[in-house]
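One structure is given here, and the rest of the page talks about it.
Heavy atoms only: backbone and side chains are in, while hydrogens, waters and symmetry mates are out. Numbering of ligands and ligand atoms starts at 1, following listing order.
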Amino acid sequence: AQARPPGAREASLSQSGPSVSSLPSCFLSSDRDASRQVLAILYRGGEAAQQEPRLLGTIENQLGIRSWLESQGHEFIVSDDKEGPNSDFQKHIVDAEVLITTPFHPGYLTRDLVEKAKNLKLCVTAGVGSDHVDLNACVEKGIQVLEVTGSNVVSVAEHVVMSILLLVRNFVPAHEMIERGDWMVSEVARNAYDLEGKVVGTIGCGRIGYRVLQRLTPFNCKELLYFDYADLPPDAAKAISARRVADLKEMVAQCDIVTVNAPLHEGTRGLVNADLLKHFKKGAWLVNTARGAICDKDAVAAALKSGQINGYAGDVWNVQPAPKDHPWRTMKNPIGGGNGMVPHYSGTTLDAQARYAAGTKQIIENYFSDLPQEPANIIVGKGKYESKAYGQR
Ligand code: NAD
């Protein structure tokens with residue numbers, strides 16, 4: 001039997017069905033002042049979450065923290081209903097002291113909502129990436145924003161390596177051919193290559209970007225490049241023989257494969273646009289598991305359609321859930337392949353969920369107990385940015 005992660009038992013006891021599940025008043029602490037309100041916007045897990053309690057990031061399994069919060073007399077409100085003024089998110093944000101969101105089904109905490117959130121003190125991202133929160137507004141209001149830093153960086157790095165391989169090997173059309181009952185090797189081999197000997201570059205070389213390059217070293221790529229504000233520590237760069245390129249256009253012009261691993265902020269929104277795509281080598285592949293809005297939706301679709309890029313893969317979309325008619329769902333290169341898009345799940349493997357659920361609990365426990373937080377988890381501290389990842393300020 002597989003080991004059960006922390007919280008699995010609690011998860012099986014949690015409520016399911018209705019989108020909002022709040023603590024029955026009879027279970028509230030009699031000392032109302034000690035009771036704090038925690039609001040979580042999570043994704044709906046449906047039947048899968050009933051069958052698999054390790055799907056902790058769902059409204060059904062509630063990060064495995066309901067009974068712990070209730071045992072302390074706190075109120076825990078969980079919902080996936082996040083859009084519009086009548087949504088549970090917008091109704092309950094008014095009184096919540098702690099907000100938990102995930103990047104997978106983001107509760108967009110806009111400046112307007114920050115203004116309405118009169119009791120909000122702490123936002124916790126169960127995962128990595130807090131661009132769905134208006135960080136500047138939180139700085140101004142003294143609301144802290146924390147992530148479970150590192151909780152899913154291996155999960156994402158593995159997905160990036162997989163996506164690079166599936167594009168370079170032309171895997172998706174080959175598999176679709178088999179499902180159709182066809183067999184025409186030349187149709188798929190005409191656009192299949194080896195990863196060996198190719199140049200790979202990452203935009204952003206932090207925890208994920210570095211791990212991607214590290215995982216590529218056994219493939220004998222021609223060169224591993226990175227574009228970031230800062231140099232890697234010399235021993236880290238030497239360990240993977242990575243070379244920093246100071247100019248983004250110069251880097252992409254040298255790459256057969258570009259992967260995006262920077263957070264979304266003012267300096268990265270729309271960074272991969274029509275102009276930058278012109279500087280890509282013709283027929284390069286692009287993998288983005290960072291954030292959808294870093295790549296211009298229409299420019300990417302046009303570049304793929306024209307063959308300027310040979311493939312695009314990733315799991316992040318602007319906005320999520322992606323509309324049914326989002327061009328990235330169906331876009332193709334001129335010979336009908338080159339699309340490796342999936343829903344946002346690279347960072348929410350069952351292994352990752354165990355880590356980010358445990359990390360979320362730790363952050364809230366520290367907050368309620370007035371204990372210091374892990375410095376690497378703090379994006380916005382009390383009134384100021386603590387992390388440099390969201391731009392040089
Ligand atoms: P990190 O903070 O360790 O690294 C980010 C790196 O990007 C830093 O080195 C930073 O200097 C660099 N950077 C920032 N702005 C840049 C810019 N304009 N140009 C070049 N580099 C820039 O973060 P991480 O853990 O590696 O995660 C990176 C991002 O990946 C997250 O912010 C999140 O958006 C995304 N992510 C996605 C998933 C998923 O499931 N798809 C999961 C986790 C994280």
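Donor-acceptor pairing under 3.5 Å is recorded for the side chains of R355 and S155. Donor-acceptor pairing under 3.5 Å is recorded for the side chains of Q362 and N366.
The residues R211 and E158 are annotated as not salt-bridged, no charged nitrogen and carboxylate oxygen being separated by less than 4.0 angstrom. The pair K118-D95 meets the salt-bridge criterion, since a charged nitrogen lies less than 4.0 angstrom from a carboxylate oxygen. Taking the charged nitrogens against the carboxylate oxygens, R36 and E75 have no contact shorter than 4.0 Å, which rules out a salt bridge. In this structure, E196 does not pair ionically with K198, as no charged nitrogen and carboxylate oxygen lie closer than 4.0 Å. A salt bridge is absent between E176 and R180; no separation between the charged side-chain nitrogens and carboxylate oxygens falls under 4.0 Å. Salt bridge D194/R169: present, at least one basic N to carboxylate O contact under 4.0 Å. The pair K238-D235 does not meet the salt-bridge criterion, since no charged nitrogen lies less than 4.0 angstrom from a carboxylate oxygen.
In this structure, D296 and V272 have side chains that are not in contact, with every pair of non-hydrogen atoms separated by 4.5 Å or more.
For atom 35 (C) of ligand 1, the candidate residues are S151, G267, G292, A290; the nearest heavy-atom contact is made by A290. Here atom 5 (C) of ligand 1 lies nearest to P263 when heavy atoms of G129, P263, G204 are compared.
If you check which protein heavy atom lies closest to atom 11 (O) of ligand 1, you get D228 OD1, 2.7 Å.
For W317 and H344, the ring centers sit 6.0 Å or farther from each other. The aromatic ring centres of W285 and Y193 sit less than 6.0 Å apart.
For atom 7 (O) of ligand 1, the nearest protein heavy atom lies under 4.0 Å away.
Using a 4.0 Å cutoff on heavy atoms, A230 does not count as a contact of ligand 1. Heavy-atom distances between F104 and ligand 1 reach below 4.0 Å in at least one pair. Put simply, no part of H159 is less than 4.0 Å from ligand 1, judged by heavy atoms. Taking 4.0 Å as the cut-off, G127 does not count as a neighbour of ligand 1 on heavy-atom distance.
Distances below 4.0 Å separate heavy atoms of H344 from the following atoms of ligand 1: 39 (C), 40 (O), 41 (N). Close contacts between ligand 1 and R207 involve ligand atoms 1 (P), 2 (O), 3 (O), 4 (O), 25 (O), 26 (O) [criterion: under 4.0 Å to a heavy atom]. Close contacts of ligand 1 with N261, meaning ligand atoms under 4.0 Å from a residue heavy atom, involve 5 (C), 7 (O), 28 (C). Applying the 4.0 Å criterion to heavy atoms of V316 picks out, from ligand 1, the atoms 41 (N). Shown in contact with V153 at under 4.0 Å from a heavy atom are these atoms of ligand 1, numbered in order with element: 25 (O). Heavy-atom proximity to N152, at under 4.0 Å, picks out these atoms of ligand 1: 42 (C), 43 (C). Counting atoms of ligand 1 from 1 in the listed order, those under 4.0 Å from a heavy atom of F227 are 19 (N), 20 (C), 21 (N). With ligand atoms numbered from 1 in the order given, ligand 1 contributes 38 (C), 39 (C), 40 (O), 42 (C), 43 (C) to contacts under 4.0 Å with heavy atoms of V156.
Distances between N or O atoms of S346 and those of ligand 1 include at least one value under 3.5 Å. For ligand 1, the polar-atom distance check against A262 finds no nitrogen or oxygen pair separated by under 3.5 Å.
For L271, no heavy-atom contact with ligand 1 is shorter than 4.0 Å. Here H265 has side-chain heavy atoms under 4.0 Å from ligand 1, and that is the only part of it that gets that close. With a heavy-atom cut-off of 4.0 Å, T268 touches ligand 1 through its side chain alone.
With hydrogens and angles ignored, the 3.5 Å screen pairs a side-chain donor or acceptor of D315 with a backbone N or O of S346.
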